[in-house]
Student: 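The structure's right below; bear with me while I get my questions together.
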2 protein chains.
Amino acid sequence: MITLTEENYIKAIYHLGSNGEKTVNTNAIAEVMQTKASSVTDMIKKLSEKNYADYKKYQGVTLTKEGRFVATNIIRKHRLWEVFLVEKLNFSWDEVHEVAEHLEHIKSEKLINQLDAFLEFPKYDPHGDPIPDKEGNFQHIEKITLAKAEVGSVYKCVGVDDTSSSFLKYLDSNKIALGTIITVKHKEPYDNSIKIEIESSEIVVSQNVAKNLYLKKV
Amino acid sequence: MITLTEENYIKAIYHLGSNGEKTVNTNAIAEVMQTKASSVTDMIKKLSEKNYADYKKYQGVTLTKEGRFVATNIIRKHRLWEVFLVEKLNFSWDEVHEVAEHLEHIKSEKLINQLDAFLEFPKYDPHGDPIPDKEGNFQHIEKITLAKAEVGSVYKCVGVDDTSSSFLKYLDSNKIALGTIITVKHKEPYDNSIKIEIESSEIVVSQNVAKNLYLKKV
DNA sequence: AAATATTTTTAGACTAATCTAAATTATATT
DNA sequence: AATATAATTTAGATTAGTCTAAAAATATTT
Ligand SMILES: [Mn+2]
Ligand SMILES: [Mn+2]
Ligand SMILES: [Mn+2]
Ligand SMILES: [Mn+2]
């Protein structure tokens, strides 16, 4: 039996670890979990005892195969619920994350597999993130941030790194959605802002925006 | 802020109290909650402090207006989710209760109101129980148990008291569903079993079954 | 109206998850 | 290599929800 809190720690470790293959350190987890390092230490000991994580004192933590399975399963549920909320219940993409944080912990194999079928087996969530299958496998799409895109090239918007409501609403108000075609017109060396063209109108976005928007060359 | 456990206690008190207008006693709650009387005492003290319940030592407990609102709101969510599972995700009526026990605690006004709309504002759940509106109001349907039905009269099946999987599967296997027309043919005084006619075939059901099946005269 | 049985409450202990403050280990700087 | 700084762990408390065992109150029976 796995508790809701354990699931959230496992998810946090998974997300922190998926960038490099290095171990995840205590303070990083504490920050994501909005808790204190001492609490994290207690929890990773417990996860280690339950074989969800490998842990040696002062050496950071990694997930075991079992831990990774738990993580991808929660992510699968989270993203499927997000699709449901947007596609069926008319939520906008900036409203779904918080609710999905709760729905992802509902434990029913049948529920999630029937939901998957009801949604016609979506491959991506409303933020462009891939949805793992029952075994935890999912495609990695090749994508770069707008910050690293080439001037003169044409891209398609395929995802976001920041899923905060304020960022997503900013994109809405600038007519940027998943699938939107963007041409990079100019990079300003002074503040790293970028001028882009969307549907024949030009806008300038800050470096901050550019770093959080994922593109794919077309 | 209300905890999941508090919500479940409030729901239990509501269900136990809705039969009579009397106070609900500690042991009854303990049995429903699968816990010990001492734990119940602690919790009803807490619910009383939070103004969800009125409580005097040794005198049993009743819900306040606020408590009843919490209760009907959870019941609204529980029953809407049950409808969703049956109507959209192809669950059968004996599979939904357990999952709904978890889904009913998801806290999002928008979620539940959009779900209500998506389901086209159903009035009853898959077991024939009425779905409260946002204010907690719902119609009481006049219904009697098969045990109290008159020999010779014709009834429509409108609900069940026992929502256990085994009882619902029993009904399935005997072609009894919500809306099924039933004619009462004979009451056996010896063991209170009842002979009924369904779609021109006759079956005999036990007193136990008869007490858990709700009917309405047609 | 006592005596007995039942119900309810209290007292004290346990677990999960958290915290603060102090101690320990690792890393960076001189 | 010694010292300073940062990260991590430990020790001891706290809160929610639970338990067992004992005490207190209420209900039932004689
Ligand atoms: Mn999300
Ligand atoms: Mn997402
Ligand atoms: Mn139910
Ligand atoms: Mn129901």
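It should be emphasised that the depicted structure is a prediction, and the values quoted were computed from it without experimental measurement. Chain naming here is simple, since letters A, B, ... match the order of the sequence lines and numbering starts at 1 in each.
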Student: D:dA7 phosphate, OP1 or OP2: any side-chain N/O from A:T26 under 4.0 angstrom?
Tutor: no

Student: Between B:K36 and C:dT9, is there a side-chain N or O to OP1/OP2 distance below 4.0 Å?
Tutor: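 For C:dT9, OP1/OP2 do not have a side-chain N/O of B:K36 under 4.0 Å.
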
Student: Compare side-chain N and O positions of A:K45 against OP1 and OP2 of D:dT10 and report whether any pair is under 4.0 Å apart.
Tutor: yes

Student: Checking salt bridge (charged side-chain N to carboxylate O under 4.0 Å, His left out) between B:R76 and each of B:D133, B:D116, B:D125, which is the one that passes?
Tutor: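 With B:R76 as partner, B:D133, B:D116, B:D125 yield a single salt bridge (charged side-chain N to carboxylate O under 4.0 Å, His left out), made by B:D116.
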
Student: What contact category does A:T5 fall into here, base, sugar-phosphate, or nothing, at under 4.0 angstrom with non-hydrogen atoms?
Tutor: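 Sugar-phosphate only.
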
Student: A:L47 CG to C:dA16 C1': how many Å, rounded?
Tutor: 13 Å

Student: To the nearest angstrom, how far is A:M1 atom CE from C:dT15 atom P?
Tutor: 14 Å

Student: Which distance, rounded to the nearest 0.5 Å, do you find between the CG of B:L103 and the NE2 of A:H102?
Tutor: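 It comes to 13.0 Å.
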
Student: Without decimals, in angstroms, what is the distance between A:E6 CD and C:dT15 P?
Tutor: 15 Å

Student: Find the distance B:K56:NZ to D:dA24:P and express it as a whole number of Å.
Tutor: 23 Å

Student: What is the separation between atom CG on B:D42 and atom C1' on D:dT15, rounded to the nearest whole Å?
Tutor: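 It is 13 Å, rounded to the nearest whole Å.
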
Student: What's the NZ-P distance between B:K57 and C:dA11, to the nearest Å?
Tutor: 8 Å

Student: Answer yes when B:E7 and B:K107 have at least one side-chain N-carboxylate O distance shorter than 4.0 Å, and no when they do not.
Tutor: yes

Student: With the side chain of B:N27 defined as its heavy atoms from C-beta on, choose the nearest nucleotide among C:dT18, D:dT18, C:dT8.
Tutor: C:dT8

Student: If you pin A:Q59 and A:T3 to their nearest nucleotides in DNA chain C, which one's is more 5'?
Tutor: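 Residue closer to the 5' terminus by nearest nucleotide: A:T3.
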
Student: Tell me whether the side-chain N/O atoms of B:T41 come closer than 4.0 Å to OP1 or OP2 in C:dT9.
Tutor: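 Affirmative; the distance criterion is met.
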
Student: With respect to the phosphate group of C:dA16, does any side-chain polar atom (N or O) of A:Y9 fall under 4.0 Å of OP1 or OP2?
Tutor: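 Result: no.
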
Student: Would you tell me if any nitrogen or oxygen in the side chain of B:Y58 comes within less than 4.0 Å of OP1 or OP2 on D:dA23?
Tutor: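 For D:dA23, neither OP1 nor OP2 has a side-chain N or O of B:Y58 closer than 4.0 Å.
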
Student: Between A:E150 and A:K217, is there a salt bridge with N-O shorter than 4.0 Å?
Tutor: yes

Student: Distance check: side-chain N/O of B:S38 vs OP1/OP2 of D:dT18, anything under 4.0 Å?
Tutor: no

Student: Send over the distance from B:I44 CD1 to C:dT8 P, rounded to a whole Å.
Tutor: 9 Å

Student: To the nearest Å, give me how far apart CE (B:M43) and P (C:dT8) are.
Tutor: 17 Å

Student: Give a yes/no verdict on a cation-pi contact between A:K88 and B:F84, requiring under 6.0 Å between NZ or CZ and the six-membered ring centre and an angle within 45° of the axis.
Tutor: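 No, a cation-pi geometry is absent between A:K88 and B:F84.
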
Student: Please state whether the phosphate of C:dT8, meaning OP1 or OP2, lies under 4.0 angstrom from any side-chain nitrogen or oxygen of B:N25.
Tutor: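 True: B:N25 side-chain N/O within range (under 4.0 Å) of C:dT8 OP1/OP2.
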
